[in-house]
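Not measured: the values here are computed from a predicted model.
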Amino acid sequence: MNRVVSLPTSPTFLKALAVAVLVTAMMPAGADDTQALYQAQCASCHGEDRLGGIGPALLPGNLSRLKPQAAEAVIRDGRAASQMPGFSAQLEDTEIASLAEWIYRAPEGEPNWGRDEILASQEVTHPDGSLPDVPRFDADPLNLFIVVETGDHHATLLDGDTFEPIHRFKTRYALHGGPKYTPDGRYVFFGSRDGWITKYDIYNMKVVAEVRAGINMRNIAVSADGRYVMAANYLPHSLVLFDAHNLDLMKVYPAVGEDGESSRVSAVYAAPPRGGFIAALKDIKEVWEIPWPLLTEPVVATGHMATPLAPQRSHATPNFRVRRIPVPDYLDDFFFDLEYEHVIGASRGGQGGMVVNLDSGEKVADLPLQGMPHLGSGITWEYQGRRVMATPHLNKAAVSIIDMTDWTVIKTLETDGPGFFMRSHANSPYAWVDVFFGPNRDRVHVIDKSTLEIVETLIPEPGKTAAHGEFDRYGEKLLLSLWEEDGAVIVYDGETLEEEKRIPMNKPSGKYNVWNKTRYEEGTSH
Ligand code: DHE
């Protein structure tokens, strides 16, 4: 028997029904629905397993720098200057909210990125030796700059004498850490947060090889002879070694401590006088040294390393085997003395740091540096007959200056806010430090290296972030980023501190001068 059910039509009932319908519509979709939505709308660009594709990886670790609300806005409105379209026409607000929440959840299984995945990702478009050996432009190849533009994920090759852009090209999404050059300055390697390593032939202005070393990568380092590239990963916990010629995979090192504990790798650095890589491990109390085989002929370096690279001083055999150096604390962010005899590491919690002798493996000093010293952007110079190093702090409005002969803090300079990057050059009397965080992030301080005083504070564009300096090869001109989408690289006279030129750029971050980087200039990062 069929029965017709008649619903009550009272105003109270109808109101309750309307509320119920509205609440259901506002409820986030279930995880299964969201997963299906992801597969239908997002997987083609971001990968079925969220590991990335044309678009970036969408896993919690890769998204740690994007707030969920901002993720929601990107899904709804798209991202300018990228291939990410807005989905407001296809998806309900609740679906967008569910997707934005879901991508921050850990995937059910730990994503895997091992030998097979690395090998499958490699693409060699121009095998080593297949392109002409002369630059296709007329500029000093040793005074070029690469400028990374994070606004639309591009890089610009800039003439370091005329400050005219030579070529602008697309990069992988979200590069991080400095690009690294081969010692002749012909090739540059970029590392992206999503794990991609790109080898770019500067002379021919072409990407020649790419490989994906991990899912969430920190940075890369290139051996002093330009023959090896090492990548440091948060996910998976690994270091990965490549032959630099075509980015052929050589070895994967699971980052596991002596006690069996697995660790994220914070960063890897090349230590030329030691003939090896040094790795910072976030979750184990060890520093790793991995020596590369020496060439029979030593590589000649100039700048502060005016002599041929010192014979290998490492205590490890040059066979890519890990030498573990146990340390008393978790060390995260590194600075090295010029000889690479000591590593100065910041404690993981950001409260202080320590100095470890890399030969003996002994701690030689504690550094009473509160407020997250950003040692990675530290610099060094001669001050009153002794060598000092200076570092900004990420959590404190200060620059600390340390005597490297006895590791005491000789001066704490008050700044207008916490800073990120510090720069100088052996030929410049000044050190530049930005005020990256807080209301004064449009300011840059200029410090006199002979008096350790701030002598000038520049505001290139009120209200706009000014950050990250880099000198030309002669230490005469300082390039500063106006870190905005409608930003610029500003060229200053390093002596008079007068602005000379603005080159429009899309959120320029780091600038890297070939000479300074390949000569391990004392006033810049390496
Ligand atoms: Fe970086 C370099 C770590 C956040 C831009 N950054 C480095 C290096 C390390 C490091 C270890 C040195 C590696 C190298 O050059 O090979 N950075 C960290 C962090 O731990 C931190 C605080 C948090 C994180 O999530 O990674 C961090 N870094 C940032 C940013 O937010 C910056 C400003 C913007 C961005 O693009 O991510 C940023 N980091 C940079 C740049 C360099 C860098 C531009 C290279 C500087 C140089 O001149 O060499």
Side-chain angles (χ1 to χ4, degrees), residues 59-65 106 176-178 191 193 214-221 230-239 253-269 271 277-290 322-337 340 342-358 361-378 389-400 402 407 409 412 418-422 436-437 525-526:
L59 295 167
N62 299 68
L63 293 165
S64 62
R65 300 161 43 72
H176 181 240
R193 288 196 184 257
I215 299 169
N216 184 350
M217 192 172 79
R218 301 292 295 160
N219 78 326
I220 54 169
M230 179 79 91
N233 286 323
Y234 264 6
L235 186 66
H237 294 177
S238 65
L239 280 156
Y253 299 78
V256 180
E258 194 77 282
D259 59 1
E261 198 65 35
S262 175
S263 174
R264 291 166 288 176
V265 186
S266 296
V268 60
Y269 308 83
F277 296 105
I278 305 283
L281 296 141
K282 201 169 181 83
D283 309 307
I284 53 177
K285 293 179 182 172
E286 292 177 16
V287 171
W288 285 10
E289 177 169 29
I290 303 174
V322 174
R323 170 187 170 223
R324 295 170 190 275
I325 306 171
V327 285
D329 200 357
Y330 302 98
L331 295 182
D332 208 9
D333 186 14
F334 286 178
F335 182 78
F336 298 89
D337 57 5
Y340 283 82
H342 295 97
V343 59
I344 299 98
S347 301
R348 190 177 62 179
Q351 300 305 316
M354 69 180 66
V355 184
V356 173
N357 182 307
L358 284 168
E362 299 295 320
K363 177 176 94 169
V364 296
D366 281 309
L367 285 178
L369 299 176
Q370 310 299 305
M372 289 189 92
H374 193 221
L375 297 172
S377 74
M389 64 165 282
T391 175
H393 293 252
L394 298 175
N395 270 346
K396 194 167 114 181
V399 165
S400 299
I402 297 151
W407 305 109
V409 179
T412 305
F420 221 107
F421 302 107
M422 202 160 175
F436 200 84
F437 304 98
S525 62
H526 307 128

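Although no hydrogens or angles enter the test, the distance criterion places a donor-acceptor pair under 3.5 Å between the side chain of Asn62 and the main chain of Ile215.
Listed here is the closest heavy atom pair of Ala231 and Val268: C-CG1, 4.2 Å. Considering every non-hydrogen atom in both Ile325 and Val356, the closest pair reads CG2-CG1, 4.4 Å. Taking each heavy atom of Asp333 and Pro373 in turn, the nearest pair found is OD2-O, 3.8 Å. The shortest heavy-atom contact between Met217 and Ala232 is CG-O, 3.2 Å. In this structure, Gly376 and Ser525 approach most closely via the heavy-atom pair O-CB, 4.1 Å.
Distance CZ/Phe437 to NE2/His393: 13.0 Å, rounded to 0.5 Å. Of the inter-residue distances, the one linking Tyr234 atom OH with Ser266 atom OG reads 4.5 Å to the nearest 0.5 angstrom. The line from CG of Leu394 to NE2 of His374 is 5.0 Å long, rounded to the nearest 0.5 Å. Atom CZ of Arg324 sits about 6.5 Å away from atom CD1 of Ile284, to the nearest 0.5 Å. Taking CD from Glu286 and CD from Glu258, the interatomic distance works out to 6.0 Å, rounded to the nearest 0.5 Å. Atoms CD and NZ, on Glu261 and Lys285 in that order, are 11.0 Å from each other to the nearest 0.5 Å.
Counting heavy atoms from C-beta outward, Ile344 and Thr391 have side chains that stay 4.5 Å or more apart. Residues Phe336 and Ile278 form a side-chain contact, since some pair of their non-hydrogen atoms from C-beta on lies under 4.5 Å apart.
For Phe436, the ring-ring contact (aromatic ring centres under 6.0 Å, His included) criterion is met by Phe420, Trp483, not counting sequence neighbours. Looking at residues two or more places apart in sequence or on another chain, you find no salt bridge (charged side-chain N to carboxylate O under 4.0 Å, His left out) involving Arg218.
Taking the six-membered ring where tryptophan is involved, the planes of Phe334 and Tyr269 are essentially parallel, since the angle between them stays under 30° and well short of 60°.
Each of Asp332, Asp283, Asn216, Asn233 was checked for a side chain to side chain donor-acceptor pair (under 3.5 Å) with Arg264, and the lone residue meeting it is Asp283.
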Problem set entry | Val265 vs Tyr253, side-chain contact (heavy atoms from CB on, under 4.5 Å): CA-CA, chis, key distance, verdict | CA-CA 11 Å; Val265 186; Tyr253 299 78; over 6 Å; no
